[in-house]
Number of protein chains: 2
Amino acid sequence: MATIAVENYLKHVLLLSEGGDDLVSMGELAAALAVVPGTATTMVKALATEGLVSHRPRYGVRLTAEGRRVALGVLRRHRIIETFLVEVLKMDWTEVHAEAELLEHAISDTVLDRLDALLGHPATDPHGDPIPTRLGKLDSQVYATLATCGIDKPLRIVRVTEQSGEFLQFAEQHGLRPGAKARVTERNLAASLLTLKMDRDRTVTLSLSAAGHILVAPVK
Amino acid sequence: MATIAVENYLKHVLLLSEGGDDLVSMGELAAALAVVPGTATTMVKALATEGLVSHRPRYGVRLTAEGRRVALGVLRRHRIIETFLVEVLKMDWTEVHAEAELLEHAISDTVLDRLDALLGHPATDPHGDPIPTRLGKLDSQVYATLATCGIDKPLRIVRVTEQSGEFLQFAEQHGLRPGAKARVTERNLAASLLTLKMDRDRTVTLSLSAAGHILVAPVK
DNA sequence: GTTTCTATTTTGATTAGTCAAAATAAATCT
DNA sequence: AGATTTATTTTGACTAATCAAAATAGAAAC
């Protein structure tokens with residue numbers, strides 16, 4: 001039985017390895033978990049002897065098949081709980097992340113399956129993040145971001161990959177939520193800024209780094 | 001911030017002191033928490049220095065006002081979660097106790113208040129146990145039990161004070177659930193048995209000790 | 001009023017997770 | 001290549017919660 005700490009380590013290794021590089025560094029991992037690097041090293045070594053990760057000392061860590069299975073379970077719980085909090089309890093999508101962080105380690109499979117059914121087996125959570133299936137399949141579709149997409153093409157926001165309350169509240173305030181329509185009108189690399197037009201001609205300006213967290217798909 | 005272990009100790013001191021005796025013994029407490037007695041002693045001493053209980057060494061332990069406040073919070077969470085699991089997720093009232101035991105330490109006040117509102121601010125959980133209010137008021141109405149009530153009087157079951165799955169499934173199987181109507185037809189002290197008539201002339205026999213866990217009120 | 005029984009407390013160890021700070025290895029820069 | 005910077009690992013220490021087993025204090029029995 002994985003402890004809460006173990007579940008969190010595995011979840012964060014999964015999330016950090018999503019974005020490309022194969023091995024997750026101790027630095028990244030320690031920062032994500034808000035522990036000191038030495039703690040991450042110690043824990044990773046323990047996880048490695050349990051067969052949940054493989055550790056290449058001095059280079060980084062990666063999930064084993066078993067570790068990935070556990071991590072996907074945690075992620076599934078997290079995202080179903082977030083969806084429940086928004087859809088049923090009508091909480092704000094900008095504030096449910098922290099709540100789900102707590103509950104994801106305490107909910108049983110029975111309760112989770114009931115929630116999933118109540119919600120109609122959703123494919124994504126309120127941020128647009130894909131929900132792993134019971135069988136451990138995770139949709140890995142790659143989207144463009146506002147920082148990388150074409151200019152003046154009609155777009156639909158599909159996902160916002162940032163959990164911080166401030167960022168999400170900023171996004172919500174300007175209508176940058178999953179499902180919203182948008183169009184990039186100008187991208188200024190020198191100033192690292194980007195301008196876009198939302199519904200009803202609302203204009204929004206944001207930094208390229210922020211834009212990188214907003215995933216979009218072309219509107220057919 | 002109280003840890004999970006601290007919350008559990010305080011909750012069990014509260015539950016064990018409900019049934020009468022002022023001081024809760026280390027033996028009872030250790031048994032309720034499934035730890036060895038020495039562990040309970042150690043923990044209780046720590047709780048005492050935190051001002052959450054007062055410990056009379058060799059005699060027992062009692063909650064302070066602050067400890068009671070914390071314990072009532074845990075109990076409120078537990079019972080609201082149980083109610084949610086039955087009313088919204090349609091789980092069986094005989095199986096929700098263990099689930100709530102896990103979730104009660106992970107749910108925030110925000111989520112709890114939303115659940116409470118969704119459920120219409122219930123006064124009791126599915127077992128008939130009273131739910132402490134946000135302000136820490138706990139209904140302490142005293143009921144007769146099937147072991148102590150009068151013979152041949154029409155009764156309504158108001159509460160079942162046993163959490164074990166087996167007991168509850170037995171109760172459910174024979175219609176002994178909160179709200180059901182019943183009438184004691186015979187009480188045999190020698191054999192420590194009791195017979196009662198339920199709806200549609202169903203007859204049920206159970207031990208006096210089991211009967212002591214089924215609380216009843218006279219039907220007006 | 002001793003002795004005996006039983007519950008409680010104490011003592012010494014263990015496990016999980018963490019931090020601070022010293023040691024070390026890899027990468028980078030002359 | 002040698003020196004410096006930076007990330008990682010190691011070491012030693014700490015906290016919370018637990019157990020096993022020895023010591024002890026009340027209560028009950030004689």
Side-chain angles (χ1 to χ4, degrees), chain A residues 1-13 16-17 19-63 66-67 70-71 74 101-102 104-106, chain B residues 1-13 16-17 19-63 66-67 70-71 74 101-102 104-106:
Chain A
M1 312 296 109
T3 64
I4 293 178
V6 166
E7 289 193 342
N8 277 329
Y9 275 85
L10 296 176
K11 179 181 71 173
H12 278 108
V13 174
L16 291 171
S17 58
D21 353 286
D22 214 11
L23 286 175
V24 175
S25 76
M26 288 304 131
E28 291 179 89
L29 184 56
L33 288 156
V35 297
V36 96
T39 301
T41 300
T42 308
M43 188 64 169
V44 161
K45 287 208 311 184
L47 296 177
T49 68
E50 302 243 321
L52 294 166
V53 301
S54 72
H55 182 204
R56 171 117 192 276
R58 231 100 213 182
Y59 287 92
V61 68
R62 141 193 14 238
L63 294 175
E66 173 63 6
V70 174
V74 180
E101 205 89 272
L102 296 173
E104 69 190 8
H105 308 293
Chain B
M1 310 298 110
T3 64
I4 293 178
V6 166
E7 288 193 343
N8 277 329
Y9 275 87
L10 296 175
K11 180 182 71 172
H12 279 108
V13 174
L16 292 170
S17 59
D21 354 285
D22 215 10
L23 285 175
V24 175
S25 76
M26 288 303 132
E28 291 179 90
L29 184 56
L33 288 157
V35 295
V36 303
T39 300
T41 301
T42 307
M43 188 65 168
V44 161
K45 286 206 315 184
L47 295 177
T49 68
E50 302 243 323
L52 294 166
V53 301
S54 71
H55 182 206
R56 171 120 190 276
R58 230 98 211 183
Y59 288 91
V61 68
R62 143 192 15 239
L63 293 175
E66 174 62 4
V70 175
V74 181
E101 205 89 272
L102 296 172
E104 70 190 5
H105 308 293

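- At a threshold of 4.5 Å between non-hydrogen side-chain atoms, the residues Val74(A) and His105(A) count as touching.
- Taking atom CG on Asn8(A) and atom P on dG17(C), their separation rounds to 11 Å, with Å as the unit.
- Between Tyr59(A) and Leu23(A), the shortest heavy-atom distance links the atoms CB-CD1, 4.1 Å.
- The minimum heavy-atom distance between Ala30(A) and Pro37(A), with the atom names listed, is CB-CA, 3.7 Å.
- Map Gly38(A) and Thr3(A) each onto its nearest nucleotide of DNA chain C; the residue landing nearer the 5' end is Thr3(A).
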Verdict with supporting geometry, Lys11(A) and Glu104(A), side-chain contact (heavy atoms from CB on, under 4.5 Å) | CA-CA 11 Å; Lys11(A) 179 181 71 173; Glu104(A) 69 190 8; 2.7 Å; yes

After noting the C-alpha distance and the side-chain angles of Val13(A) and Val61(A), does the key distance pass the side-chain contact (heavy atoms from CB on, under 4.5 Å) rule?
-> CA-CA 8 Å; Val13(A) 174; Val61(A) 68; 4.2 Å; yes

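- Contact check of residues 49-59 of chain B against DNA chain C (heavy atom, cut-off under 4.0 Å) returns His55(B), Pro57(B), Arg58(B).
- Between Met43(A) atom CE and dC19(C) atom P the separation is 12 Å, expressed in whole Å.
- At a threshold of 4.5 Å between non-hydrogen side-chain atoms, the residues Val24(B) and His12(B) do not count as touching.
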Dump the intermediate steps for side-chain contact (heavy atoms from CB on, under 4.5 Å) on Val6(A) and Met43(A), then the final yes or no.
-> CA-CA 8 Å; Val6(A) 166; Met43(A) 188 64 169; 3.4 Å; yes

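- Whole-Å rounding puts the His105(A) NE2 to dA16(C) P distance at 18 Å.
- For DNA chain D, the contact window with chain B, defined by any atom under 4.0 Å from a protein heavy atom, covers dA17(D) to dA27(D) in 5' to 3' order.
- Shown here for His55(B) and Ala48(B), the closest heavy-atom pair between the two residues is CB-CB, 4.2 Å.
- The distance between atom CE of Met26(A) and atom C1' of dT24(C), rounded to the nearest whole Å, is 16 Å.
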